[in-house]
Protein chains: 2
Amino acid sequence: MPKPVNTSAAPREESPAAATGPVDKALAVLDALVQPDAPHRLADLAARTGLPKPTVHRLLHTLAEAGYAVPGPGGTYQAGPRLLGLAATALAASSELRLARPVLDDLRLRTGHLAHFSVRDGTVAVHVTQSDPSSTYRVPLAAGGEVPLYCSAVGWAMLSALPPATAAELLGADPLPARTPRTVRDPGAVLAAMPAVRERGYAVDDEYAEQDVRAIAAPVLGPGDRVAGAVGIVGLTFTLDEESVAVLGPMVRAAAGAVSASLRGGAGALGIVRGRR
Amino acid sequence: MPKPVNTSAAPREESPAAATGPVDKALAVLDALVQPDAPHRLADLAARTGLPKPTVHRLLHTLAEAGYAVPGPGGTYQAGPRLLGLAATALAASSELRLARPVLDDLRLRTGHLAHFSVRDGTVAVHVTQSDPSSTYRVPLAAGGEVPLYCSAVGWAMLSALPPATAAELLGADPLPARTPRTVRDPGAVLAAMPAVRERGYAVDDEYAEQDVRAIAAPVLGPGDRVAGAVGIVGLTFTLDEESVAVLGPMVRAAAGAVSASLRGGAGALGIVRGRR
DNA sequence: ATCAACGTTCCGTCTCCCGGAACGAATGCA
DNA sequence: TGCATTCGTTCCGGGAGACGGAACGTTGAT
């Protein structure tokens with residue numbers, strides 16, 4: 001039996017920074033609403049967000065009135081049509097994603113591995129879109145999932161493209177939690193590996209985050225060398241083996257370079273556009 | 001003095017129901033943030049949402065602190081990583097979408113036309129996901145886009161599956177705006193067409209919404225005959241011509257039926273699940 | 001029959017949301 | 001180069017409405 005490792009991310013405990021204003025609380029509820037185990041019950045949403053039950057109830061009412069939540073039978077709630085529309089618009093409108101999509105498909109076809117694009121959110125990488133291979137082996141990576149920067153290929157790729165001071169700040173000074181025996185736990189060691197990553201142009205995650213999973217990633221740079229995200233491929237170690245890394249690495253680097261070039265050339269996100277509108 | 005009409009061409013007055021609470025306003029800002037013309041300037045967001053400038057500024061600050069917005073150079077803003085993550089999670093978690101995706105791909109391959117899935121949001125249909133053909137002809141349908149129910153195939157499909165009283169309420173009593181010379185403007189006429197749609201199992205939009213565009217759609221029903229959305233194909237009239245409708249219609253109907261069946265059988269969205277997490 | 005847990009409503013307190021006015025900076029025009 | 005807009009941003013006093021503990025009716029399990 002192939003173990004269905006679907007650990008998209010940690011159970012995602014409620015935000016360490018407690019939501020203070022009504023907007024933050026509403027965002028927390030929205031975040032809980034889109035979790036995969038719909039439909040959601042009020043008590044579960046309250047527990048997940050860490051908010052009092054009446055507060056969640058009132059927020060859900062507001063969200064439902066606006067079409068962002070939909071009440072189901074038995075007092076349950078799930079994502080509403082406006083939320084789905086918002087999501088679809090957001091993913092369709094992002095220039096990074098629009099440009100990355102065809103590149104990911106091409107990369108997936110040429111490598112045979114799952115290709116994905118991730119962006120940085122604080123100290124974690126969020127997987128925003130991906131191109132799934134029709135493989136029989138399930139790779140533990142889901143859209144919307146999160147992985148810490150310090151133990152992922154996309155994380156290392158983005159860290160390598162950031163100013164060293166910023167990277168050091170994101171890594172912190174304390175030893176990092178071990179996810180597998182191979183996890184690099186010393187922030188200094190991660191930083192020390194960055195020059196090599198920069199020189200090669202791609203980063204390799206050798207079972208840092210999960211057993212039997214290897215990944216390769218390269219940074220995507222927008223206008224002004226802003227780090228827009230990272231392109232990567234993920235595979236099980238016996239499929240994505242050590243010898244193939246030397247072949248696949250440059251392909252990933254080239255894919256990320258293609259997205260970067262489109263980002264700069266095509267639609268400059270920088271405020272240099274002079275023309276009207 | 002030459003009147004400097006440099007404001008956006010379409011005045012496009014905003015929310016019919018003015019945003020009252022802070023949550024509604026924040027949602028309006030989010031909605032404006034994901035529009036395709038990023039990066040957005042504060043004044044544009046204020047104009048689009050109809051909110052005062054300082055209010056938008058404060059909300060953007062809150063959203064930025066939470067990672068849902070990102071300030072760019074020159075005081076611009078765009079969708080932040082949390083928002084992209086939320087969007088990716090929402091689309092990946094929705095059972096309708098997860099089930100519809102492969103069906104849409106299959107439908108697209110077999111018909112050669114753009115296949116899409118839409119849900120109802122009040123009196124409009126929102127296109128949530130789609131499977132694009134590699135056609136040279138651009139069909140005017142974008143993810144996140146909206147079309148009124150009364151003049152679209154997906155709209156008619158969903159109306160046909162709703163209780164007639166509900167459908168009548170959604171259509172209203174007044175004559176509907178004409179989008180093309182062929183638009184059916186009489187709510188009564190639309191209602192009168194529903195029985196035929198129900199019998200055939202699919203609806204046809206014959207240039208009701210846009211010149212030279214034809215569409216076919218069928219309703220998707222969830223547990224308890226709840227209208228979950230509609231599956232449809234869209235094409236230019238000279239590609240998706242009248243003769244092919246009789247052939248393509250049943251294919252669309254079958255595709256929608258497949259999604260409906262999966263929705264009921266696979267993951268019951270009904271609150272019958274008893275098991276503890 | 002008993003009990004626990006859930007969704008929902010109520011309401012007094014007081015937080016913090018609100019947006020007009022004002023200011024410095026950047027840009028377009030003459 | 002100088003002027004006129006328009007932008008993003010900050011300030012602040014008034015008051016709208018968010019807040020959540022307590023309570024209630026109901027449901028499902030024991």
Side-chain angles (χ1 to χ4, degrees), chain A residues 14 17-30 32-33 37-66 68-78 270-277, chain B residues 1-8 14-15 17-30 32-33 37-66 69-78 270-277:
Chain A
E14 67 271 11
T20 57
V23 173
D24 302 78
K25 302 188 187 188
L27 290 175
V29 172
L30 279 185
L33 257 188
D37 37 29
H40 306 274
R41 311 193 327 172
L42 176 61
D44 295 336
L45 293 174
R48 198 194 296 269
T49 56
L51 268 48
K53 217 174 2 172
T55 300
V56 176
H57 186 259
R58 176 168 37 79
L59 288 173
L60 279 174
H61 192 75
T62 301
L63 293 175
E65 222 167 48
Y68 284 82
V70 162
T76 63
Y77 290 88
Q78 49 187 317
L270 193 53
I272 304 290
V273 273
R274 283 301 107 207
R276 192 156 292 267
R277 78 167 49 223
Chain B
M1 167 179 292
K3 38 192 303 188
V5 216
N6 60 352
T7 52
S8 328
E14 199 41 40
S15 52
T20 57
V23 173
D24 302 78
K25 301 187 188 189
L27 290 175
V29 172
L30 279 185
L33 257 188
D37 37 30
H40 306 275
R41 311 194 325 169
L42 176 62
D44 295 336
L45 293 174
R48 199 195 295 269
T49 56
L51 272 67
K53 215 173 6 170
T55 299
V56 176
H57 185 258
R58 177 168 36 78
L59 287 173
L60 279 173
H61 193 75
T62 301
L63 292 175
E65 223 167 49
V70 162
T76 63
Y77 289 88
Q78 50 187 317
L270 196 53
I272 305 289
V273 273
R274 280 305 103 203
R276 187 156 298 263
R277 58 175 56 233

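None of these values were measured; they are calculated from a predicted model. Chain letters run A, B, ... following the sequence lines, proteins first, then strands; residues in each count from 1.
- Heavy-atom minimum distance, B/His57 versus B/Leu42: N-CD1, 3.9 Å.
- One finds a side-chain N or O of A/His57 lying less than 4.0 angstrom from the OP1 or OP2 phosphate oxygen of C/dT8.
- Remark: P of D/dC19 and CG of A/Leu51 are 8 Å apart, rounded to the nearest angstrom.
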| side-chain contact (heavy atoms from CB on, under 4.5 Å) evaluation trace for B/Leu27 with A/Leu63 | CA-CA 9 Å; B/Leu27 290 175; A/Leu63 293 175; 3.8 Å; yes
| query | Do A/Leu51 and A/Leu59 pass the side-chain contact (heavy atoms from CB on, under 4.5 Å) test, and can you show the C-alpha distance, the side-chain angles, and the key distance before you say yes or no? | reply | CA-CA 10 Å; A/Leu51 268 48; A/Leu59 288 173; 4.1 Å; yes
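- Position along DNA chain C of the nearest nucleotide to A/Tyr77 versus B/Pro52 favours A/Tyr77 as the more 5'-ward residue.
- Per the geometry, CG belonging to A/Leu59 stands 15 Å off P belonging to C/dG7, to the nearest Å.
- Spacing between atom NE2 of A/His40 and atom C1' of C/dC6 amounts to 17 Å, rounded to whole angstrom units.
- Smallest separation of non-hydrogen atoms from A/Ala28 and A/Thr49: O-CG2, 3.5 Å.
- Between C/dG19 and B/Lys25, a contact under 4.0 Å exists linking OP1 or OP2 to a side-chain N or O.
- Look at CG on A/Leu60: it is 13 Å from P on C/dT9, rounded to the nearest Å.
- Here the P atom of nucleotide D/dC11 and the NE2 atom of B/His61 are 12 Å apart, to the nearest Å.
- For D/dC19, neither phosphate oxygen OP1 nor OP2 lies less than 4.0 angstrom from any side-chain nitrogen or oxygen of A/Thr55.
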| said: As a quick check of understanding, evaluate side-chain contact (heavy atoms from CB on, under 4.5 Å) for A/Asp37 and A/Arg48, giving each step before the final call. | reply: CA-CA 12 Å; A/Asp37 37 29; A/Arg48 198 194 296 269; 3.3 Å; yes
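- Rounded to a whole Å, the CZ atom of A/Arg41 is 11 Å from the C1' atom of D/dG28.
- Atom CG of B/Leu45 and atom P of D/dC7 are 12 Å apart (whole Å).
- For A/Arg58 and D/dC19, the shortest distance from a side-chain N or O to OP1 or OP2 is below 4.0 Å.
- With D/dA22, D/dG8, D/dA18 as the choices, the nucleotide that has an atom nearest any side-chain atom of A/Pro22 turns out to be D/dA18.
- If you take NZ of B/Lys53 and P of D/dT6, they are 10 Å apart, rounded to a whole angstrom.
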